[in-house]
Amino acid sequence: MMRKLGFGEKLLIMGNLFNMRIYRSELDGLRAFAVLSVIIYHAELTFKGFSILPGGFLGVDIFFVLSGFLITGILIDKSPTLFQFYKSRIDRIYPALLLMLLLSCILAYIYLIPSDILNFTEQLKGAVAFYSNYIFMYEDSYVSDSSQYKVLLHTWSLGVEWQYYLAFPFIIYGIKKFFSSQFEQILIILFAVSFFYCLYLMSINNTFAFYSTFSRVWELFAGGIVFLISKHLKDNKFDNLLSAISLVIIAYCLLFFKDADAHPGFISLLAVLGATLFILFTKEDSFVYKISTLKISIFFGVISYSLYLYHQPILVFYRFSQGEITNKVFLALFVLMILVSYLSYRFFENPIRRSKSNKKYLILIFFTLFIIAFYKGAKYTEGYNFRQPEIVKEALRHFEGIEFIRLVSEIHGLTIDNTKISRCIDRTPATSCRINNDGKKLLVLGDSFAGSMSYILSEQKNLNINFITMGQCPFLKEGIWFGNAPECPDINKLRWIEIEKMEPTNVLIGINFEQFTGAKKEIESYIPSVTREYKELVPKELVFQDFRESIEKLIFLGHNPIVLLQPPSPTIDVAKELKRKVSLGVLSFKEEYSAVPTTNIDNEVRNALKGLNVTFIDMNAKMCKDDKCLTFNKNGGLYNLGGHLSYFGAQLFVEDIINSLK
């Protein structure tokens with residue numbers, strides 16, 4: 001009489017159409033390590049001020065190796081037709097993904113304000129069509145939401161995998177047909193080409209390297225190489241040692257690397273090495289095998305795909321609706337993630353994948369049509385803005401976009417690479433925005449911190465203003481650049497050409513002085529909006545000296561410099577907090593103090609300009625008391641994107657600026 005399978009045994013039976021010849025339960029343990037590390041990383045958990053698993057993002061790299069290993073095995077051992085292969089991938093990936101997207105649409109409608117719904121729909125489009133990685137690749141990282149508030153950010157990795165699935169069967173079948181005796185060598189060559197392309201792309205644009213399929217597939221190729229090696233690898237006495245080393249490597253990567261480190265690249269290579277050693281050398285008699293095949297490890301491994309799908313939306317919608325995620329809150333959210341993921345796996349993902357009936361595709365078509373309808377509806381109704389009463393719309397009007405890019409002109413200008421642009425920031429100085437009112441003349445000059453003052457100054461009827469602002473490009477004299485903008489030296493040369501033509505005027509200078517710490521030396525060749533990585537730094541003291549010389553030159557030319565000192569630094573995303581308050585029905589605001597004074601930076605600026613005839617606008621003096629600074633006043637939030645002032649924040653200093661004009 002046949003014994004009935006228990007629940008735990010059922011979980012061990014994977015539902016792929018094309019399974020490996022022998023189910024390797026320890027790989028579910030590796031999946032569990034990978035998905036849990038990603039979840040902890042995205043939750044941004046800390047202990048006594050230190051990040052828990054700062055390298056948790058490398059869990060995705062481990063997933064890539066596992067996918068490459070399993071897909072290569074399917075294609076080589078089972079040799080499915082292309083139709084069978086792609087059908088199995090659709091059955092495996094689409095049901096759970098579409099269910100997650102449908103539920104995310106419902107929650108977005110409930111919790112997101114119109115502007116955030118429109119951002120969400122762009123992510124939604126990429127997730128459905130598996131090109132999220134390119135959506136995020138081409139975002140302007142300087143003005144886009146932080147990853148904390150991107151509901152579908154995690155779907156970028158599904159985009160990479162699906163793009164790999166589209167091409168890899170042709171590669172495998174082509175090699176099998178024409179170069180079967182050089183199988184491993186060809187995969188190693190493909191691995192090397194992709195890896196070195198990754199390193200090349202890292203040198204000019206780390207965002208492109210992170211999201212690009214071609215700079216990521218080396219990790220999947222690594223899994224394929226491991227499969228080929230495992231076919232003829234024999235047991236030896238060092239297996240258990242190498243298996244233990246693999247776990248040490250993985251643990252080291254997760255514990256000691258951080259997202260500020262250059263990746264993907266060599267740190268990703270180390271994580272990939274750990275995963276490959278694990279797959280190759282973990283045998284049934286080893287300690288690592290016993291850990292990896294604990295019931296809890298198997299459970300998390302089996303539901304790992306659903307868990308990966310749901311963790312990010314749950315974290316993000318909590319942040320939108322409730323705010324910060326503490327360690328205690330995370331425990332409750334983690335239980336919710338497990339519950340939702342298990343229910344999705346048990347009652348939807350697995351049954352649909354196992355079903356032989358083609359009627360299941362009607363469900364998937366219905367879900368897809370629902371998602372498309374939500375997308376179209378959001379576009380036609382500007383983010384379903386009819387949900388909000390007029391008083392709420394007015395409260396949010398000044399937060400529909402980023403303040404420093406808000407000022408636009410019907411007369412288009414040009415960027416440094418000759419692209420037409422309507423917004424007033426990021427134009428070449430010769431094509432800058434101008435407001436020709438009768439009254440005192442003012443030149444607004446600097447980076448996005450000056451840009452934050454532009455819109456509200458444009459509303460003043462008695463000013464004649466010229467706006468020469470460029471994101472991440474402070475006003476300096478010599479060849480120095482910052483952040484992602486290697487074009488800064490060229491912009492400053494063009495600024496000086498325009499300034500030297502001007503009659504003496506008032507010059508309002510706004511700069512994020514905090515970035516003087518990360519100044520970089522000029523490079524001769526760069527690609528605007530692409531080149532980002534360059535590590536030869538300029539000492540902060542030399543940057544301040546350059547700034548002083550720039551102000552001295554302005555004064556020599558007869559101009560009246562007015563310097564905006566550093567705004568206090570908020571410890572929360574004030575714009576998101578404002579939107580959260582409004583979504584909960586808060587329609588009036590009061591003063592809140594949760595920003596940090598930046599008087600140390602102000603002192604550096606004052607010392608650098610000591611003895612010069614300069615007017616300072618001291619933001620800390622007006623916004624701070626008792627070592628705490630304003631983030632809200634009765635009008636609403638005072639910041640819009642990091643430390644940039646919002647409309648209401650800029651409003652605090654308009655009178656001071658006007659009083660400083662000659």
Side-chain angles (χ1 to χ4, degrees), residues 402-407 424-425 440-460 463 465-476 482 488 492 495 499 505-517 543-544 546-548 550-552 554-555 559-570 574 595-610 612-624 629-631 638-662:
I402 305 303
E403 187 67 23
F404 63 77
I405 64 173
R406 187 176 178 186
L407 184 62
C424 292
I425 195 170
K440 294 181 178 180
K441 291 184 177 181
L442 175 64
L443 170 63
V444 179
L445 186 61
D447 58 22
S448 54
F449 277 48
S452 294
M453 301 298 305
S454 295
Y455 185 84
I456 198 164
L457 288 172
S458 74
E459 294 182 327
Q460 311 308 307
L463 294 179
I465 316 178
N466 185 2
F467 301 93
I468 302 182
T469 55
M470 172 71 70
Q472 300 183 87
C473 289
F475 172 60
L476 295 170
F482 303 83
C488 289
N492 276 319
R495 282 170 170 170
I499 290 170
T505 190
N506 299 291
V507 183
L508 178 67
I509 301 159
I511 291 174
N512 179 10
F513 293 103
E514 191 172 8
Q515 69 177 334
F516 277 17
T517 302
V543 184
F544 272 112
D546 186 293
F547 180 58
R548 179 185 175 89
S550 301
I551 300 300
E552 287 175 335
L554 278 180
I555 295 171
H559 300 297
N560 173 35
I562 304 162
V563 176
L564 295 168
L565 292 176
Q566 192 79 4
S569 180
V574 176
V596 178
T598 52
T599 48
N600 58 326
I601 298 175
D602 288 354
N603 291 336
E604 289 183 295
V605 177
R606 290 181 186 275
N607 288 335
L609 302 183
K610 191 173 183 180
L612 300 183
N613 186 19
V614 175
T615 302
F616 294 105
I617 306 295
D618 191 333
M619 298 186 180
N620 282 275
K622 180 163 285 190
M623 297 179 72
C624 304
C629 307
L630 281 169
T631 50
L638 303 181
Y639 295 87
N640 193 346
L641 189 68
H644 297 89
L645 294 177
S646 69
Y647 179 86
F648 300 123
Q651 192 176 60
L652 298 174
F653 303 100
V654 172
E655 185 177 348
D656 295 329
I657 292 169
I658 292 175
N659 291 339
S660 301
L661 303 182
K662 294 181 179 179

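Scope of the values below: all heavy atoms of this structure, side chains included, with no hydrogens, waters or symmetry mates.
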Matching residue for Val563 among Val614, Leu508, Val507 - test: side-chain contact (heavy atoms from CB on, under 4.5 Å): Val614

Gap separating the CZ atom of Phe467 from the CG atom of Leu443, nearest 0.5 angstrom: 10.0 Å

Given the side-chain rings of Phe449 and His644, with only the six-membered ring counted for Trp, is the space between their centroids under 6.0 Å? yes

Side chain to side chain, Glu403 and Met453, heavy atoms closer than 4.5 Å: no

For the ring pair Phe513 and Phe516, is the centre-to-centre distance below 6.0 Å? yes

Heavy atoms only: give me the nearest Lys440-Lys662 pair and the separation to one decimal. CD-O, 3.8 Å

Write down the atom of Ile511, the atom of Phe547, and the distance for their closest heavy-atom approach. CD1-CE1, 3.5 Å

For residues Ile425 and Met470, determine if any side-chain heavy atom of one lies less than 4.5 Å from a side-chain heavy atom of the other. no

Interatomic spacing from CG in Asn492 to CZ in Arg495 - rounded to 0.5 Å: 5.0 Å

Would you give the length of the straight line joining atom CG of Leu445 to atom SG of Cys473, rounded to the nearest 0.5 angstrom? 11.0 Å

How about Arg406 and Ser454: do any of their side-chain heavy atoms sit closer than 4.5 Å? no

How close do Ile465 and Leu463 get, counting heavy atoms only, and between which atoms? CG1-CB, 3.7 Å

State whether Phe616 and Arg606 meet the cation-pi test: NZ (Lys) or CZ (Arg) under 6.0 Å from the six-membered ring centroid, and within 45° of the perpendicular axis. yes

Quick one: does any side-chain atom of Asp602 pair with a main-chain N or O of Gln566 as donor and acceptor, under 3.5 Å? yes

Is there a side-chain contact between Cys624 and Pro568, using heavy atoms and a 4.5 Å cut-off? yes

Measuring from Thr598:OG1 to Met623:CE, what's the distance to the nearest 0.5 Å? 9.5 Å

I'd like to check the salt bridge (Lys or Arg N to Asp or Glu O under 4.0 Å) partners of Asp546; sequence neighbours left out, ordered by chain and number. none

Please answer whether the main-chain N or O of Leu612 pairs with a side-chain N or O of Arg548 as donor and acceptor at a distance below 3.5 Å. no

For the residue pair Ile551 and Pro561, what are the closest heavy atoms and their distance? CG2-CG, 4.1 Å

dist Asn600:CG -> Glu514:CD (nearest 0.5 Å) comes out at 8.5 Å

Applying side-chain contact (heavy atoms from CB on, under 4.5 Å) between Ile509 and each of Ile617, Ile562, Val444, Leu554, report the one that passes. Leu554

Enter the distance from Ile555:CD1 to Ser550:OG here, rounded to the nearest 0.5 Å. 11.0 Å

Under 4.5 Å between any side-chain heavy atoms of Asp618 and Thr599, yes or no? no

Would you mind listing every side chain to side chain donor-acceptor pair (under 3.5 Å) that reaches into residues 645-656, with sequence neighbours excluded? Glu459-Tyr647, Lys622-Asp656, Asn635-Gln651

Residue pair Leu641 / Phe404, side-chain heavy-atom distance below 4.5 Å: yes

Between the side chains of Asp447 and Gln515, is a donor N or O closer than 3.5 angstrom to an acceptor N or O? yes

Hey, is the main chain of Lys441 close enough, under 3.5 Å, to the side chain of Asn506 for a donor-acceptor pair? yes

Set out, in order, the CA-CA distance, both residues' side-chain angles and the distance that settles side chain to side chain contact (heavy atoms under 4.5 Å, CB included) for Leu609 and Phe544, then state yes or no. CA-CA 9 Å; Leu609 302 183; Phe544 272 112; over 6 Å; no

Please report the shortest heavy-atom distance between Leu407 and Ser458, naming the atom on each side. CD1-OG, 3.6 Å

Backbone N or O of Ser660 within a donor-acceptor pair of the Asn560 side chain at under 3.5 Å? yes

Does Asn613 have more than 12 heavy atoms from other residues, nucleotides or ligands lying within 6.0 Å of its CG? no

Begin from the C-alpha positions of Val543 and Phe482 and carry the test side chain to side chain contact (heavy atoms under 4.5 Å, CB included) through to its verdict. CA-CA 11 Å; Val543 184; Phe482 303 83; 4.0 Å; yes

Does the side chain of Ile468 come within less than 4.5 Å of Asn466's, by heavy atoms? yes

Which heavy atom in Thr631 sits nearest to a heavy atom in Pro570, and how many Å separate them? CG2-CB, 4.4 Å

Any heavy-atom pair between the side chains of Phe653 and Ile456 that's under 4.5 Å? no

